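Accompanying notes for the structure given below.
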Number of protein chains: 2
Amino acid sequence: MKAQRKRANLRDVAAAAQVSVATVSRVMNAPETVAEKTRARVEQAMQELRWLPSAAARAINSGRTRFVGALVPTLEHDIFARVLAGLERQLASHRLSLVVATTDDDPRIEAEKAQGLIDIGAEGLMVSGMTHTPEFFGLIERGQLPAIAISCFDPDYRLPTIGYDNTAAARAALDHLADQGHRRIAVVHGPSNLNDRTRARIEALAGHRPEVDLVYHEVPLSIAGGCAAGQAVRTAAARTSAVLCLSDVLASGVLFELQRAGIAVPGQISLIGVDDLPGSEHLYPELTTVHLPVSRMGLAAADALAGWVETQTVPQPRLLEIELMVRASTGPPGRLNGQPAA
Amino acid sequence: MKAQRKRANLRDVAAAAQVSVATVSRVMNAPETVAEKTRARVEQAMQELRWLPSAAARAINSGRTRFVGALVPTLEHDIFARVLAGLERQLASHRLSLVVATTDDDPRIEAEKAQGLIDIGAEGLMVSGMTHTPEFFGLIERGQLPAIAISCFDPDYRLPTIGYDNTAAARAALDHLADQGHRRIAVVHGPSNLNDRTRARIEALAGHRPEVDLVYHEVPLSIAGGCAAGQAVRTAAARTSAVLCLSDVLASGVLFELQRAGIAVPGQISLIGVDDLPGSEHLYPELTTVHLPVSRMGLAAADALAGWVETQTVPQPRLLEIELMVRASTGPPGRLNGQPAA
DNA sequence: CTGAAAGCGCTAACAA
DNA sequence: TTGTTAGCGCTTTCAG
């Protein structure tokens, strides 16, 4: 037999079924307008030729590709995984797919990857935070591409933002500790040079409660980073009675490290986080933290993007509520300080 | 001025620049073959008309969409997030993008979403495990679509598999405990009815070490689930001296719960996991577990898929090494059992 | 109910 | 160096 040239197309199917291409197209898009018998014949031809519709050809006619892109710093952090989970689920309900790309918190990589997403036909973009290159804005503005920013909130920003108030989150944590009487607090945070959310949280602290001394520790944003911070805290600052972590992963690391050193939490040192990861409430002791509604943020972002893409409605910026979750890891300053028993 | 009808296309740009469409196309794809002056004129026209190339039109000519799809049970589990992180990074180096879809471990949802990914033009697919519907296989076989399965290994499977030996992983954990003298072990695992990897691990245990009694606890695959299991373990089984968790998240939950009950690990109860999450080695006590190379698996999957998509080379199945990581959470059976001090 | 034919936006021969 | 033109695979009028 003759070798099958390439993939079968509409014309091939039409020929095999002895109908016109229009009829084949109808069998796909409006089967009820095709006579039973003809339809059967066409369907059989499709089977036999193993025909599959070409997404590109469809897209070229409809002008739609049915997918949007999300640019996140990393997938290896629970926060973004949960945002994307919410985003994917909700986009699916709008019959949209999700393309993900990671930026390592580098605006230049972000711009490149955004270009890539646009090249393959993304109908809209979601980015994290408010640090973006002019090239990035150039891209989306040229294409008048729907794009929203998450994890932050500013109604005056160039992109519609959907997120929470990072300043308020950090201050809520500080207030909680200060109100309990802590006067010397170690602040543990991730890299601030490339992340505006972290920076916002750090800046929110300075001078907010003048009566307390703040000592900053910058570490990698990971459990391991938290452990490192934990060590630094217990060796360096004898009078420190509480640790404020700008992220729950860090808080977990600090906690494990303090436990390893035999320091009681919250007996000797109080510990508070920001994020409220799914595991935080199950830690021992249960972690006091500031809840950030990341799943809801994903959903909201999906609805906003989908609406924009489908009906050209530019979404309103949206501020999501945060909430202080007081649990077991904080209490009044202990008598003993960060000195291990040893 | 007249309202701009739709988006500008090549013809519009050509007209504005007073050249032919071919020249405009060349400015995009082979600028060096166009005279400096002409090129400038064309580029200006592009700017003015805010022209953007249509991904669909390109795809229809090249026959390529430059993206592949990944179907994972969920994004809210560290394992998949890390796999996808590796996958995305490596795909990017092949200039391929990644579309993600979640299945909730339901093969029917998987088939639907696979259809959706194919509809929008995915050039290849990555799925998790070996439980798939006939519809799914129908889809990929009709389209002769490159598709690989991860998190499992079986050279005879219908799809090329890239993963580790789940049976060996579970047995390595059991052996470690049994070798230390544990004779009654609680096995904690996630839902088994819909997850073949979990099932493989459970089945690997039965009769593997006849001298030990195994008591099974099925809980949701989360920290909270681990906590629930922890409670069950300490109330139900007085003679239990060790807990084997088929997943590190579960082990973390069990650990926190045991700590909450004042039970020493590994003093009174030993604890072992499977996965080796980034945080596991930093827990207190450091968790003994079986390392699963999920990042590498993501990379390998990316290379396999990219190769298949680009050069029609069907990849070889690939078995990745696992490794028992003996850390601080296991030891010989303690004298006291799961009864809290209270 | 079915078919002919005109595009959709772009690329790639082939000519000039 | 540039233009002409024929497609790519499909949808969609508009006529039968």
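We name chains A, B, ... by the order of the sequence lines, and we start the count at 1 in each one. All values reported here derive from a predicted model rather than from experimental measurement.
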For a quick test of reading the model: is some side-chain N or O of [X] closer than 4.0 Å to OP1 or OP2 of [N]?
X	N	result
A:R58	D:dT11	yes
A:T23	C:dG3	yes
A:R11	D:dC10	no
A:S20	C:dG3	yes
A:N61	D:dT11	no

Report task. Using only heavy-atom distances, determine whether the side chains of A:H94 and A:E310 contain a donor-acceptor pair under 3.5 Å. Result ->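 Side-chain D/A pair, A:H94 to A:E310: absent.
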Listed nucleotide nearest any side-chain atom of [X], set [options]:
X	options	value
A:A35	D:dG3, C:dC10, C:dC1	C:dC1
A:A57	D:dG9, C:dT2, C:dC10	D:dG9
B:W51	C:dG9, C:dC10, C:dA13	C:dC10

Within this structure, what is the [atom1]-to-[atom2] distance between [X] and [N], rounded to whole angstrom?
X	N	atom1	atom2	value
B:R26	C:dA12	CZ	P	11 Å
B:N9	C:dT11	CG	P	12 Å
A:M28	D:dC10	CE	C1'	11 Å
B:L10	D:dC8	CG	P	18 Å

Query raised in the report: NA contact type, A:S54, heavy-atom cut-off 4.0 Å: base, sugar-phosphate, or nothing?
Result: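 Counting heavy atoms under 4.0 Å across all strands, the contact made by A:S54 is with sugar-phosphate only.
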Requested in this report: Could you check whether A:V24 gets within reach of a base, just the sugar-phosphate, or nothing at all, counting any heavy atom under 4.0 Å?
Outcome: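 If one applies the 4.0 Å heavy-atom cut-off, A:V24 turns out to touch nothing in the nucleic acid.
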Query raised in the report: Yes or no on side chain to side chain donor-acceptor pair (under 3.5 Å) for B:E43 and B:Q47, after CA distance, side-chain angles and deciding distance?
Result: CA-CA 6 Å; B:E43 272 162 355; B:Q47 302 269 258; over 6 Å; no
Query raised in the report: Counting only N and O atoms by type, is there a donor-acceptor contact under 3.5 Å from the side chain of B:R82 to the main-chain atoms of A:L75?
Result: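 Looks like no, no N/O pair under 3.5 Å.
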**Report entry** Gap between atom CZ of B:R58 and atom CD1 of A:I60 - 0.5 Å precision
**Finding:**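 One gets 12.5 Å once the value is rounded to the nearest 0.5 Å.
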